[in-house]
Amino acid sequence: MLDGLVLCEGHTEREFCNQVVAPHLAGNNIALAGTLVGRPQRKRGGIRPWSVYRAEILRLGKERADRHLAVLVDYYAMPDSWPGRVASRSQSVPDRGVDVEGLLEADLGTELPGRFHPCVQLHEFESLLFVDPAATALSIAAAGRGLNDRDIAQRMEAIKAECGGSVELINDVPDKAPSKRLIKLMPSYDKVAWGVTAAAAVSIPKLKAGCPWLRRWLNRIEAL
């Protein structure tokens, strides 16, 4: 079985990898696990300078010659120290994550040939939850008392339509990020507990169909 380890930006991405992506990839004979950057006693969420991630990736890659490594991070909050982050601002919005992914892979191509698979989500994890508002709303309403799933779904659909129907474009200023929009709909929204469960309810096939960055990354991992 192929061994894969994903350095995630935060706890939500880590649990998404472990609870949703890993079971899906197990069918492809791939054992994938999400983790955070840092030694066991110092792991924490939040994106950090590229030098920190780079050193961690190389250390983990040297532990096992057959281990595949990945990162799952947001473009939106990425520090300028990450390869391509500054230059990619001149690219069209859909191309920015792709551009950075290519430069990240090139930066580690010599040390980890064919074993590094970066994933740059354009804005944040919650964009996934807008792929299927009805499934998301039903899942979240089941977890939160007093929530009306039909009302939530309709309002999520309106937000998606407002952004041209693309979940990757649901973010133009900080207070309109996908997670901030969900919190306005549901003040008690729990990012890790509800978000990951909702993503699982939407399902990997639907998430891949509706979210280019996830489709791009999973197709690559599945092909290994």
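Predicted model, so just to flag it, every value in this text is computed and none were measured. Numbering starts at 1 and runs along the sequence shown.
Here the side chains of W194 and L182 are not in contact, with every heavy-atom distance at 4.5 Å or above. C17 is listed as a side-chain neighbour of L32, based on a closest heavy-atom distance under 4.5 Å. By the 4.5 Å heavy-atom criterion applied to side chains, I57 and L112 are counted as neighbours. Considering only heavy atoms from C-beta on, H68 stays 4.5 Å or farther from L5 through its side chain. Side-chain contact check for N171 versus P178: some heavy-atom pair is nearer than 4.5 Å. Two residues are said to be in side-chain contact when any heavy atoms from C-beta on lie closer than 4.5 Å; H117 and L69 fail this criterion. Contact of the L72 side chain with the C119 side chain is registered, since non-hydrogen atoms from C-beta on lie closer than 4.5 Å. Taking 4.5 Å as the limit, every side-chain heavy atom of D107 sits out of range of all side-chain heavy atoms of F116.
Scanning for side chain to side chain donor-acceptor pair (under 3.5 Å) contacts around Y53 gives an empty result, with sequence neighbours left out. Judged as a side-chain contact (heavy atoms from CB on, under 4.5 Å), and not counting sequence neighbours, the contacts of S139 are T197, A198, A201. In this structure, the salt bridge (Lys or Arg N to Asp or Glu O under 4.0 Å) partners of D151, at least two apart in sequence or on a different chain, are R155. Residues satisfying the side-chain contact (heavy atoms from CB on, under 4.5 Å) criterion with S92, sequence neighbours excluded, are P94, D95. P23 meets the side-chain contact (heavy atoms from CB on, under 4.5 Å) test with no other residue; sequence neighbours excluded. With sequence neighbours left out, I183 forms a side-chain contact (heavy atoms from CB on, under 4.5 Å) with Y189. Residues satisfying the side chain to side chain donor-acceptor pair (under 3.5 Å) test with T12, not counting sequence neighbours, are none. Taking the salt bridge (Lys or Arg N to Asp or Glu O under 4.0 Å) definition, one finds that E168 meets it with nothing, sequence neighbours left out. In this structure, N148 has no side chain to side chain donor-acceptor pair (under 3.5 Å) partners at least two apart in sequence or on a different chain. By the salt bridge (Lys or Arg N to Asp or Glu O under 4.0 Å) test, D149 pairs with no residue at all, sequence neighbours left out.
Residue pairs meeting the salt bridge (charged side-chain N to carboxylate O under 4.0 Å, His left out) criterion with at least one partner in residues 197-220, sequence neighbours excluded, are E101-R216, E105-R220, D132-K206, K208-E222. Within the structure, salt bridge (charged side-chain N to carboxylate O under 4.0 Å, His left out) pairs that include any residue of residues 66-83 comprise D3-R67, E63-R67, R64-D66, D80-R89 (at least two apart or interchain).
With respect to S179, the side chain to side chain donor-acceptor pair (under 3.5 Å) criterion is satisfied by exactly one of H123, E126, K184, E124: E124.
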